[in-house]
Amino acid sequence: MGNILEFLIRTDVWLGTIVVVLVPIGFTVLSNKLKELRKKTHIRKEQHFIQDFTLSPKISVNVEQIKAIVGDSSDIIFRQFKLGMDNRSCSIVHIDGLVDQHLLQQSILHPLLNAKQAKSGLNFFKTESIKDYLLLHTIEVSDVKVVKETDKIIRQLLSGSVLLLVDGLAEVFVLSVKKWILRGMEEPITETLVRGPRMGFIENLRDNTAMLRRMTSDPNLTFTDFEVGERTKRQLTVTYLKDIANEKLLEEVKDRINNLDIDHAAETGYIEQLIEDDYLSIFPQVQSTERPDRVMAAILEGRIAILLDGTPYALIVPTTFSMMLQSPEDYYERWIPMSLIRMLRYVAAFLSVFLPSFYIAFVSFHQGLIPTDLALAIAGTRLGVPFPTIIEALLMEVSIELLREAGLRLPRPVGQTVGLVGALIIGEAAVQAGLVSPIMVIVVAATAIASFVSPQYGAGIALRALRFLAMFSAAFLGLYGISLFFLAICVHTVKLRSFGVPYITPGTLYSKDDWKDFFLRMPLFTMRKRPAEYFPKDQIRRKKY
């Protein structure tokens, strides 16, 4: 009988080893095949959703052509009038609600309607002279463009610009008097600090770039604009310091943005998913933030920021796992207490993934490793519990995740109450009903608290997902399964890259100077060099101690 039991145990171990080893290998092969398929299908197709037309010197023809394209929409205003200087027919076209009406009246309509006759010698029948006079003497708007390309004309109209059409000109004046509905600058909700700046990005792109410009007077701060979205054409800006950012990294970022193939980029999350290196990885490879100070700190390290119009979230690349456990507040307080807090975050991240799995492994497989008194206490609390440990843990973990999600989606005052009271009531009721043991409630509660320590929401989601995989590994093979699962995570993170940078740097020992800002945050005066993994042009951050 003993030999049969030993054989079954050995068979179970070998089968578990084969499964744990073969699954990552099969996943890697599938990942490579899908990546090849993605490269083959990721061919940008130039699509033209705007009907092309040819501008005519006759204003009536141009107006009718614009009406035919934009359709019979009630928010598009066509205003016909006569130019004051020579009674020439003109028309302005704009979208109601996207234009500052006061500037439109004072800086465009009023000067054109009251334009005086020019001095002698100017021939109004020469269309070039009319254009020059309007640009140099009449229009009182600073941002003026003369456009001939019809697709650009329609795009500018739909993005909030005013079109000025003049009879006799086969060109259109594009005037910028935009006005947006904006919210006030507030402290970021997802990245709260005890000490630090209270401002966060808002939905207007130019206000966000202005915040960054206010934080430095360095003329090397550069903004490069792109248009993303085949239909919506939303403005995207890449931000960097041109004397620090690595040229190859910058070109890689621009190339990935230029190859984006999407109809509408509603939020930077769309951009993040389309430019990341490994879309099958559970770890976030692009850092998102609402804080201008975090973005500026990253830019000064040699990284690159991506801002999108219409969202308060900026993206920072490249990204490593250690950045997900760092907070701007680490540098605003003294180095000794903040180093201890940073180490606490690493411990909390480990516990949020492996604490339930360790409990399952010890209770189900390795009771002999538990001290006798503690083993008796655990056995006493589990008397009458009808489920195995893995089912008990899954019931509690899924309940906690449901409460967490419900608390996020409900209105803020109600959500906090539901999350706190719901957890207490469900935990107490489950123990009273004999469905779970009290110590399991303690383990799940400690795990939930540890998962809240992560400063980055995306990293917290990844750790929560890994927790369930670790629990199944522990339920299948005990501590042996946990060890194999941990090794699989290590192999995956070592292989993972973010824009060519290893995901676990500075753990790769590329530069000993980078370890000064890894597990511990050393004094600021000792961090003379910028992170070496980004290959910055200017490596020296401080000239002397």
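Any value given below was found using the heavy atoms of this structure, including those in side chains, with hydrogens, waters and symmetry copies removed. Keep in mind that this is a model prediction, so the values were computed, not measured.
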Is it the case that Asp225 and Thr237 place a side-chain donor and acceptor less than 3.5 Å from each other?
-> yes

Hey, is Arg530 close enough to Asp538 for a salt bridge, meaning N to O under 4.0 Å?
-> yes

For the residue pair Phe518 and Pro506, what are the closest heavy atoms and their distance?
-> CG-CG, 3.6 Å

Heavy-atom closest pair (Ile95 atom, Leu158 atom, distance to 0.1 Å) is CD1-CA, 3.7 Å

Donor-acceptor pair between Lys82 and Ser89 side chains, under 3.5 angstrom = yes

So, Asp517 and Tyr331: side-chain donor and acceptor under 3.5 Å apart, yes or no?
-> yes

Going by atom types only, do Asp278 and Tyr503 share a side-chain donor-acceptor pair under 3.5 Å?
-> no

Heavy-atom donor-acceptor pair, Gln539 side chain to Phe535 backbone, under 3.5 Å = no

Distance-only, no hydrogens or angles: does the Ser498 side chain make a donor-acceptor pair with backbone N or O of Thr319 under 3.5 Å?
-> yes

List the steps and the verdict of side-chain hydrogen bond (donor to acceptor under 3.5 Å, both in side chains) for Glu187 and Thr192.
-> CA-CA 7 Å; Glu187 182 180 3; Thr192 56; 5.6 Å; no

Can Lys67 be said to sit on top of Phe78's aromatic six-ring, NZ or CZ under 6.0 Å from centre and within 45° of the ring axis?
-> yes

Going by atom types alone, do Glu140 and Ser107 pair a side-chain donor with an acceptor below 3.5 Å?
-> no

Kindly give the heavy-atom pair with the smallest separation between Pro531 and Pro536, and that separation in Å.
-> O-CD, 3.5 Å

At their closest point, which heavy atom of Met323 faces which heavy atom of Gln287, and how far apart are they?
-> O-NE2, 3.9 Å

Given the rule in the salt bridge (Lys or Arg N to Asp or Glu O under 4.0 Å) test, do Glu247 and Lys537 qualify, once you have shown the distances and angles that lead to the verdict?
-> CA-CA 8 Å; Glu247 287 292 341; Lys537 294 179 182 177; 2.6 Å; yes

With a 4.5 Å limit on heavy-atom distance, are the side chains of Pro455 and Arg345 in contact?
-> yes

Checking side chain to side chain contact (heavy atoms under 4.5 Å, CB included) for the pair Ile306/Thr268: CA distance, chi angles, key distance, verdict?
-> CA-CA 8 Å; Ile306 301 172; Thr268 49; 5.8 Å; no

Taking NZ, NE, NH1 and NH2 as the nitrogens, is one of them in Glu227 or Arg155 under 4.0 Å from a carboxylate oxygen of the other?
-> no

Donor-acceptor pair between Asp75 and Ser73 side chains, under 3.5 angstrom = yes

Partner of Asp255 under side chain to side chain contact (heavy atoms under 4.5 Å, CB included), picked from Ile257, Asn259, Val253, is Asn259

Arg234 to Phe226, cation-pi by 6.0 Å centre distance and 45° axis angle = no

Report, as yes or no, whether the 6.0 Å neighbourhood of atom NZ on Lys145 holds more than 12 heavy atoms from other residues, nucleotides or ligands.
-> no

Heavy atoms of other groups near His264 NE2, more than 12 under 6.0 Å | yes

Could you tell me which non-hydrogen atom of Leu325 sits nearest to which non-hydrogen atom of Ser454, and how far apart they are?
-> CD2-OG, 4.4 Å

Determine whether more than 12 heavy atoms belonging to other residues, nucleotides or ligands lie under 6.0 Å from atom NZ of Lys248.
-> no

Any sub-3.5 Å donor-acceptor pair from Ser322's side-chain atoms to Thr320's backbone N or O?
-> no

For atom CZ of Arg214, is the number of surrounding heavy atoms from other residues, nucleotides or ligands below 6.0 Å larger than 12?
-> no

Looking at side-chain heavy atoms only, is the closest gap between Glu203 and Thr311 below 4.5 Å?
-> no

Compare every heavy atom of Pro328 with every heavy atom of Arg291, then report the nearest pair and how far apart it is.
-> CD-CG, 4.1 Å

Distance only, no hydrogens: is a donor on one side chain within 3.5 Å (strictly under) of an acceptor on the other, for Glu290 and Thr190?
-> yes

Counting only N and O atoms by type, is there a donor-acceptor contact under 3.5 Å from the side chain of Asp167 to the main-chain atoms of Cys90?
-> no

